[in-house]
There are 2 protein chains.
Amino acid sequence: MNSEMITKRLEMLREELRREHLGAYIFNSSDPHNSEYTADHWKGREWISGFNGSAGIAVVTINSAALWTDSRYFIAAEEQLKGTEFQLMKLKIEGTPTIAEWLSKELADADSKEVGVDGSTHTVADIRQLKDELRQQGGLTLRTNFDVLQRIWKERPEMPLDTIMLHPIELAGETTQEKLSRIRKALREVHADGMLMSQLDDIAWTLNLRGRDVHCCPVFVSYLLIGSHHTTLFVDERKLTAEIENYLSEQNIAIKPYEAVSDALNKWGEWNILIDPNEINETLARQVKANEIINKPSPVAAMKAVKNETEIQGMRNAMLKDGIALVKWLRWLNPAVRAGGQTEISISNKLEQLRSEQPLYRGLSFDTIAGYEEHGAIVHYEATPETDKSLEPRGLLLVDSGAQYQDGTTDITRTIALGPLTDEQRKVYTLVLKGHIDLQLLHFPDGASGTQLDAVARAPLWRAGLNFLHGTGHGVGAYLNVHEGPHQIRMEWKPTPLRKGMTVTDEPGIYLEGRFGVRTENVLLVQEAEETECGRFLCFETLTLCPIDTTPILPELLNKEEKDWLNAYHAEVYEKIAPHLNDEERLWLKEATSHI
Amino acid sequence: MNSEMITKRLEMLREELRREHLGAYIFNSSDPHNSEYTADHWKGREWISGFNGSAGIAVVTINSAALWTDSRYFIAAEEQLKGTEFQLMKLKIEGTPTIAEWLSKELADADSKEVGVDGSTHTVADIRQLKDELRQQGGLTLRTNFDVLQRIWKERPEMPLDTIMLHPIELAGETTQEKLSRIRKALREVHADGMLMSQLDDIAWTLNLRGRDVHCCPVFVSYLLIGSHHTTLFVDERKLTAEIENYLSEQNIAIKPYEAVSDALNKWGEWNILIDPNEINETLARQVKANEIINKPSPVAAMKAVKNETEIQGMRNAMLKDGIALVKWLRWLNPAVRAGGQTEISISNKLEQLRSEQPLYRGLSFDTIAGYEEHGAIVHYEATPETDKSLEPRGLLLVDSGAQYQDGTTDITRTIALGPLTDEQRKVYTLVLKGHIDLQLLHFPDGASGTQLDAVARAPLWRAGLNFLHGTGHGVGAYLNVHEGPHQIRMEWKPTPLRKGMTVTDEPGIYLEGRFGVRTENVLLVQEAEETECGRFLCFETLTLCPIDTTPILPELLNKEEKDWLNAYHAEVYEKIAPHLNDEERLWLKEATSHI
């Protein structure tokens, strides 16, 4: 993206702002379905600012422009915004103003104190909070019914039209009828007659369908309206094959055009409808005419988060296949780097190729993050031809990657020594591993939430004056989105308890700007531990199968339990993966998983 | 309390319920000032139920009665409710109904679906939540303007009338004018022209005054109304000496009768007033007539929580004196138990006597909890002549105690081996100590709240299938209440960050019903640690000075760092306390603090 292009777009935008008598416009990075990753049609924030991270908000006034993003993207955003008039605002860093605070200063002498935003890409809760904050900052107001992008984004991509596929019961483990019946039961408990579902992965999970509308996420753009006796899918019919039409008809699910959802909400009449204010977009929520609107959390995310036995088996299969591909890649990596000519992009491509050879491979679950040395300190770094760095046989390479297999989704980070390391690198590597292991070793009371466990992964780092600003763990879908809620392990308060059958990542990391980054990530499964007079306890089973580089470890920083865990984990990795390797690979794995 | 008396009181209550056409009445354990510990005048829940714990809610319908309390009081409540018709409801235990759920069943066929409660002893937030919950349970309604105790509690104690004392600037470290000016600045930041203060320790802190109205808490019953240019104290004038009247007049603080606060709130007129819904009682909040009522947290608790240098020096003095008394008592304890004739009450009295010999002693900061063997498993056990247990030279004695000195407040728990222990006792003792030490060793990012640290103290216990249901730590006042907010270390979400200068206890414990209990508690001070490229870090300094019994420790369960901490702590205890002991005591302390 060149900065002149951005300047031109900002000019077009400001013309519209003047015409509409708006003081500013806010662009977020979501779509009408509160998606983290969206189809290109909704990448308006990227279009206006040039910043392509998955999270960020751009705000433009007549005279100024700024972009807020979190620590994962500080360095990437700085580079991408270079030469534009966008000022980078670092979230959670002392001194960073909120959007409302910044706007109140920028609009102090402006003609218009009204701020525009597209209500259809913001949830009800987003808009409520934004309105509150703007009001408190000297009475700024918000206009939500004007989508400026429709006017100025001439080459805007169409909405995606990929076909929808069945997710067979052999992999889903629960029929759509069973899921609908559980959802209806949960709705009755909160006195709701029905609900609107807009979260794309919730819809895919409920209907046992998958799509290809969003890069790396097997979902399809649609809404699902569930009543006490009827269910309607609002979707562009061009996405439906005869097979899917039949399937939906068998399930007694009506099909209507995507845009017809507004009308349907308008006629909800004398029933009570559940509208999750953290899911449904403002524009759509305003259409709802019902006896009572029940603003409560949707029950679906919590159901989807707890995997059934079939899904767990699928995840295990996927982890094994991913582990095989990763071991083949790891064995190849160091010699290839020593031979020369490898870069961040080339080794990512090699990994993708090895994964694609595995059965039921359906693509990446997110764009591979491969950051060598100082690029490893950019939390969500994605190499481009311009930034692509040559790999030398020294220092640390951080690779966070994952794949979609039809039987499960993977997400794994390994940090690999390409050769000699500094003492600081060894120390940071070992402390990150210590936090990673301490979390996996934990037992915890049934009912505890991720926030209530988080400190265990951070304590070894904190003691050394180290910390990371991202979460410690997130749910992982079963052939669905790689980031799944509602549970999380993080410092911010997330009340959802961890329950038996949930998947969650364990991924502490440390990022030293301009020097290097370390992260180690496994996917865990919540399992039952013991029941005592103090209650029921849960623990973690490790699903990811891939060796952790032992060469950087300073053994004196690990205690006996931590070393025992690592040795036992490596024994398991060898036992499960070795049968699928050739002799050379098996020898390499034996060495890589030997005791420390 | 005998159960016939309770039966008679319930009869009187039900007569009033019928007369007022109420289906039920709810009694809590607070006063109009949202106090944890109250003057006897407000101990209505104890009067109606016979249960004397500091936390609990009694609910009585025409045909049934129940009492909700938390895990600290399960065993005590069970004993005290024996023979009455009160059913014990254990909070946070699976299967326990909420008050609203229970009432909806009990009142299913009742004539009246209206529930009575004294609005003056419940905060605005309490009432709001209760109303919501009752409404959701089949439409029960709440009546808040009827104080049934005024009708049926004939021998109700008068409101307390003890005199108020100055807390000199040499101990307070900040003048009332400085405090008022900080409060007014905080009020302006939320666009408030003033606030009503009702929390008794906040008022005492703001005015640099202390009282004797509440057992163990040096506070006085009053309200403080702060405007932008005037301040009024609403208090019974009989509590004021000439000295205090002069002092208040110098500070430009007007004095009005306690009851006049309603009228004053009624005439707030065109100004904006801050009313903290978690502090101000419902009845009083209804009196407020203002331009705008700003429902936000009071800024005072957070200011009071951060101790200034003078207060910290006072706390250090108090801890030293408390440590001297405790060491003398510990040296005395085991020989006295072996000599025979000692009980839970007798050894508590001895400790109180030794504390009272220290300079500036002003009484206990809470009633001593001394629980031997199975009584140690009753979290807030208080021995009575009926339960008082003889101490034998074996097993564990848990003693949680504290004192008020004019220069500081103390709170300490030690669990002491009176002789041989079981293996289980040693293991539990060591794991509790491990959690206790791990929290003290922690460094953490500036801005972290107690919830974000809590798991560190629990992890060693969880790993062994052990847990405790109370908080891990609370703030401690500077010659004020022994329990202070707004920060806490606990599993429940408490967003207030720990800040440099805050005091907080570290008190993990394990309670095995019918067998024994272990708790180890120190008071810590939040201090600055290091600043690195990852941000500013805080750590804890231990204020409490008293040996921790090393005889029960299983050394193989502690790692090197934990042992190092214990040895260093004991070296410090010896160094500071030894100079104040006689030869015999000093020798004992040398032995008690020797390296493990």
Side-chain angles (χ1 to χ4, degrees), chain A residues 71 92-94 136 138 190-191 377 428 438-439 441-469 489-495 510-515 529-539 556 559-562, chain B residues 71 92-94 136 138 190-191 377 428 438-439 441-469 489-495 510-515 529-539 556 559-562:
Chain A
S71 65
K92 290 209 260 176
I93 295 297
E94 223 178 295
Q136 284 178 22
V190 294
H191 310 291
V428 169
D438 287 358
L439 184 60
L441 283 171
L442 191 65
H443 290 203
F444 53 95
D446 194 2
S449 79
T451 309
Q452 293 169 330
L453 314 184
D454 175 81
V456 170
R458 292 180 191 262
L461 297 163
W462 287 349
R463 297 266 326 264
L466 298 167
N467 193 25
F468 57 99
L469 300 183
I489 302 178
R490 62 186 308 132
M491 288 188 75
E492 293 82 358
W493 179 239
K494 299 285 163 184
I510 292 296
Y511 313 95
L512 301 178
E513 191 175 337
R515 309 220 293 290
E530 63 277 339
E531 181 162 5
T532 72
E533 63 185 293
C534 293
R536 266 199 307 274
F537 287 80
L538 301 174
C539 61
E556 64 273 22
N559 63 36
K560 184 178 175 304
E561 272 190 309
E562 290 156 352
Chain B
S71 65
K92 288 209 262 175
I93 295 298
E94 222 178 297
Q136 283 179 23
V190 294
H191 309 294
V428 169
D438 287 358
L439 184 60
L441 283 171
L442 190 66
H443 290 203
F444 53 96
D446 195 1
S449 80
T451 309
Q452 294 169 330
L453 314 184
D454 176 80
V456 170
R458 294 180 190 263
L461 298 163
W462 287 350
R463 297 271 322 266
L466 299 167
N467 193 24
F468 57 100
L469 301 183
I489 302 177
R490 62 186 307 132
M491 288 188 74
E492 293 82 0
W493 178 239
K494 299 285 162 183
I510 291 297
Y511 313 95
L512 301 178
E513 191 175 337
R515 309 221 293 292
E530 63 277 340
E531 182 162 4
T532 72
E533 63 185 294
C534 293
R536 267 199 306 273
F537 287 80
L538 301 175
C539 61
E556 65 273 22
N559 64 35
K560 184 177 175 305
E561 271 190 308
E562 290 156 352

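Note: hydrogens, waters and symmetry copies are ignored here, and every other heavy atom, side chains too, is used.
- When heavy atoms are compared at a cutoff of 4.5 Å, B:Arg536 approaches chain A solely by way of its side chain, counted from C-beta outward.
- Here B:Cys534 is the residue among B:Cys534, B:Ser449, B:Gly447, B:Pro495 with the most heavy-atom pairs under 4.5 Å with chain A.
- The part of B:Phe537 that comes within reach of chain A is its side chain, from C-beta onward, which places non-hydrogen atoms under 4.5 angstrom from that chain.
- Heavy atoms of other residues, nucleotides or ligands lying less than 6.0 angstrom from NZ of A:Lys92 number more than 12.
- Contact count against chain B (heavy-atom pairs under 4.5 Å) is highest for A:Gly465 among A:Ala529, A:Cys539, A:Gly465, A:Ala459.
- When the candidates A:Ile510, A:Leu461, A:Leu469, A:Leu442 are compared by the number of heavy-atom contacts under 4.5 Å with chain B, A:Leu442 comes out ahead.
- Sparse packing is recorded around CD of B:Glu513, with 12 or fewer heavy atoms of other residues, nucleotides or ligands lying under 6.0 Å away.
- Both the backbone and the side chain of B:Leu512 come within contact range of chain A, judged by heavy atoms closer than 4.5 Å.
- Neither the backbone nor the side chain of B:Asn559 comes within contact range of chain A; no heavy atoms are under 4.5 Å apart.
- Residue B:Glu94 qualifies as open at atom CD: its count of foreign heavy atoms under 6.0 Å is 12 or below.
- Both the backbone and the side chain of B:Leu441 come within contact range of chain A, each with at least one heavy atom under 4.5 Å from a heavy atom of that chain.
- Proximity to chain B (any heavy atom under 4.5 Å) is shown, for A:Gln452, by both the backbone and the side chain.
- Remark: A:Glu531 engages no residue in a side-chain hydrogen bond (donor to acceptor under 3.5 Å, both in side chains) (not counting sequence neighbours).
- Taking the side chain as every heavy atom from C-beta outward, A:Ser71 and A:Phe468 never approach each other to under 4.5 Å.
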Fill in: Check against side-chain contact (heavy atoms from CB on, under 4.5 Å), B:Leu453 and A:Trp462
CA-CA 11 Å; B:Leu453 314 184; A:Trp462 287 349; 3.6 Å; yes
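- Among all heavy-atom pairs drawn from B:Asp438 and B:Pro460, the shortest one is OD2-CG, 3.7 Å.
- Between chain B and the residues A:Thr451, A:Asp454, A:Leu466, A:Val456, the largest count of heavy-atom pairs under 4.5 Å involves A:Leu466.
- The two residues B:Tyr511 and B:Ala377 have their closest heavy-atom pair at CB-O, 3.5 Å.
- For the set A:Arg458, A:His443, A:Arg463, A:Glu530, the count of heavy-atom pairs under 4.5 angstrom toward chain B peaks at A:Arg463.
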